[in-house]
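Naming convention: chains lettered A, B, ... in sequence-line order (proteins, then strands); numbering from 1 in each chain.
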2 protein chains.
Amino acid sequence: MLRATADILYRDGIHAVTYDEVARRSGVAKTTIYRHFPSRNQLLVAAVDGSTATPLIPDNGNLRDDLRDFLRAILPMFLNDDLRAMSLELMAAAARDPELQDLHRANVRARIGPLSTIFKRAKDRGEIDPDLAYVDAFDFIEGPLIVRSLLYPDKLDDLDIEITVDRILRVLSP
Amino acid sequence: MLRATADILYRDGIHAVTYDEVARRSGVAKTTIYRHFPSRNQLLVAAVDGSTATPLIPDNGNLRDDLRDFLRAILPMFLNDDLRAMSLELMAAAARDPELQDLHRANVRARIGPLSTIFKRAKDRGEIDPDLAYVDAFDFIEGPLIVRSLLYPDKLDDLDIEITVDRILRVLSP
DNA sequence: GTATAACGCTACGAAGCCGTAGCGACGATT
DNA sequence: AATCGTCGCTACGGCTTCGTAGCGTTATAC
């Protein structure tokens with residue numbers, strides 16, 4: 001049921017998530033879905049909550065390698081057109097409907113979690129400007145990948161992780 | 001007609017753009033819309049093309065001030081929930097439908113144009129690492145704003161433009 | 001064995017959208 | 001004055017979704 005919802009969300013987009021369609025693909029009766037999720041938003045939230053996988057947390061003992069591993073790990077997510085479309089649709093839906101803001105927030109937190117760990121460890125080692133808040137740091141760590149994937153998705157392959165990490169470090173270091 | 005389409009796109013989202021709805025709001029007969037735009041995609045492309053405004057191009061003679069002015073100029077666009085939602089929906093649509101990729105590309109080019117001018121002038125003045133491609137530079141210039149608006153839209157106000165420019169310059173300078 | 005709860009199935013009226021057809025009105029061209 | 005092109009209006013059949021109702025089936029608990 002939630003699996004079918006997540007599948008539709010991924011393949012056909014958020015507008016294709018209807019009670020009828022979920023019933024069709026999941027093999028569950030439409031009435032049953034209504035009994036569990038009286039509103040479409042609840043169904044969406046539950047489906048997204050149940051399908052958020054947290055990426056691995058690298059621990060190499062130094063910031064540079066951790067960042068490289070992290071960017072490498074999440075790069076495939078940006079290369080996937082359907083996945084990118086789904087994320088964009090979810091964020092757009094959250095921007096339009098306050099009810100879905102928590103959904104988006106949880107989704108982001110799951111994706112950002114590992115980065116937070118990396119960041120804290122590096123800060124303890126003195127590799128990061130002590131005045132730099134982690135929110136501001138994320139802007140520059142995820143920024144390049146996101147911008148690249150949004151504005152120039154076809155040039156995403158050209159992005160050199162090593163060089164990008166160098167540039168990120170310019171911003172983060174004390 | 002195109003104005004009505006752009007308006008729907010902005011207010012209610014891309015899913016709300018239907019022939020019936022455009023006819024209703026524009027006062028134009030549905031058949032007439034079909035005569036001009038046989039497919040919905042053509043209508044979308046025309047509407048977006050006709051409503052892309054290019055921001056001002058600052059020219060202060062130095063990169064720092066130009067960047068500051070530019071970021072200040074585009075910040076309000078990110079603060080607008082509907083506008084952000086619309087952009088996200090357009091990008092999502094482009095990711096799903098190849099026919100709409102040009103639409104997105106044109107939209108991006110209009111928004112990025114001024115940045116390109118700023119970038120070239122700064123490079124001529126020697127304020128930018130000569131090995132740095134402009135595509136890579138954009139990742140770090142627009143990145144912070146975009147990431148902030150996507151992941152933490154409620155903390156967008158906290159973003160200090162001056163400090164952000166400082167950090168961007170760390171990446172761009174030779 | 002029986003009560004309770006959950007599920008499946010069918011069907012419904014209302015609403016919206018699609019794409020097209022038919023017909024009349026208007027204005028410009030020539 | 002006649003012609004051509006464009007537009008408006010109405011209406012249609014087909015399709016999908018919504019949210020609910022009614023009723024039968026299954027399984028678990030006690």
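- Taking the six-membered ring where tryptophan is involved, the planes of Y19(A) and Y34(A) are essentially parallel, since the angle between them stays under 30° and well short of 60°.
- Note: CD1 (I8(A)) to C1' (dT17(D)) measures 13 Å, nearest angstrom.
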* Please walk me through it: do D158(B) and K155(B) pass salt bridge (Lys or Arg N to Asp or Glu O under 4.0 Å)? -> CA-CA 5 Å; D158(B) 300 349; K155(B) 292 186 182 171; over 6 Å; no
* **Per-nucleotide protein contact string for nucleotides 4-20 of chain C (B base, S sugar-phosphate only, - none; heavy atom under 4.0 Å)** => ---BBB-------SBBB
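- Side-chain contact check for L63(A) versus L172(A): some heavy-atom pair is nearer than 4.5 Å.
- Under the side-chain hydrogen bond (donor to acceptor under 3.5 Å, both in side chains) criterion, R11(A) pairs with D7(A), sequence neighbours left out.
- H36(B) is linked by a ring-ring contact (aromatic ring centres under 6.0 Å, His included) to nothing, counting only residues two or more places apart in sequence or in another chain.
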